[in-house]
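Counting starts at 1 for both ligands and their atoms, following the listed order.
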Amino acid sequence: MVRETSLSPDDFIYPLFVTFGRNVRKEISSMPGCFQESVDRVVKHAKEVYSLGIPAIILFGIPEEKDEKGLGACDPQGVVQKAIRAIKDKVPGLYVITDVCLCEYTSHGHCGVIENGDVKNDPTLELLALEAVSHVQAGADMVAPSDMMDGRVAAIRDALDAEGFAEVPIMSYAAKYASAFYGPFREAAESTPQFGDRRSYQMDPANRREALKEVALDIEEGADIVMVKPAMTYLDIISDVRETFDLPVAAYNVSGEYSVIKAAARLGWIDEERAMLEVLTSIKRAGADIILTYFAKEAAKVLNR
Ligand SMILES: [Zn+2]
């Protein structure tokens, strides 16, 4: 009765990694319990997620081929586009969100177009807008741009509106920090940059006020939900964003945050279930309405007991 914060499977978005081929289900070694799956398997997985009471998934793609510009991201026959169609067909009640970024599709692993060794902001926007439209045409309910290029929310909003998708919301990765905790994800999405790092377009972990500036810009451009990423080491940012803005706030409990608990639990150094619930509760207590987490299924099983 007096507990101030309660968790529910309703709070979660579960990330899924879709790859090419058939009957592929390859566990990600640094993220036990998470898999790269072909479309046929990802559909089964999506069914399981939905049956646990989790309302939404976010899809990441691992394409068969990568190129300099990441053009595969916009292919109507791409892995993500195929997965969206298959999931909407077999699990129509599940809300499908897609990650919109180029880093899984570029041969160099950066989130944008490279010119003279640098990531170029403006040429990237055009490709991100095409990618978002192709996801929505395939049936995605919401798109989530994760690249942190300036102006990408507006570019995607304009492109969606022009194609007749004015009602499709955008969840922006509004305050995304250059974090060491993304390490395991890069194995999962095969998106490690081949040179340099992402610090020119992701935020400095030392900056707090800058997050509010970034979030305000995304809201001005038309974001419907704003996200803070990572979550555990940025609870103050989640709280600031919650206090300052009225939009729903999402927080991404990222791969490294998941993997450290999994690893410590395997060594018998931590009580996994308690640690998981404590982390998720603290993210919600800080002000997140929505939590993207690899723990979603396990947490839902506990909460459904
Ligand atoms: Zn990216």
Tyr14 side chain vs Ala46 backbone, donor-acceptor pair below 3.5 Å: no
Which pairs would a plain distance check flag for residues 114-121, meaning a side-chain donor or acceptor within less than 3.5 Å of a matching protein atom at least two apart in sequence or in another chain?
unit_1: Asn121; atom_1: OD1; unit_2: Asp150; atom_2: N; d: 2.8
unit_1: Asn121; atom_1: ND2; unit_2: Asp150; atom_2: O; d: 2.8

Can you list the residues that meet the side-chain contact (heavy atoms from CB on, under 4.5 Å) rule with Val302, with sequence neighbours excluded?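 With neighbours one apart ignored, the set is Glu273, Met276, Leu277, Arg305.
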Starting at OG1 of Thr293, measure out to CG of Leu280 and round the result to the nearest 0.5 Å.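 Reported value, rounded in 0.5 Å steps: 5.0 Å.
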Do Thr19 and Gln36 have side-chain atoms, one donor and one acceptor, less than 3.5 Å apart?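 On atom types as modelled, these side chains do not qualify, holding no pair under 3.5 Å.
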Salt bridge (Lys or Arg N to Asp or Glu O under 4.0 Å) partners of Arg3, counting only residues at least two apart: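 Checked Arg3 against salt bridge (Lys or Arg N to Asp or Glu O under 4.0 Å); zero matches.
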Which protein atoms of type N, O or S are found under 2.8 Å from the Zn ion (ligand 1)? Cys101 SG, Cys103 SG, Cys111 SG
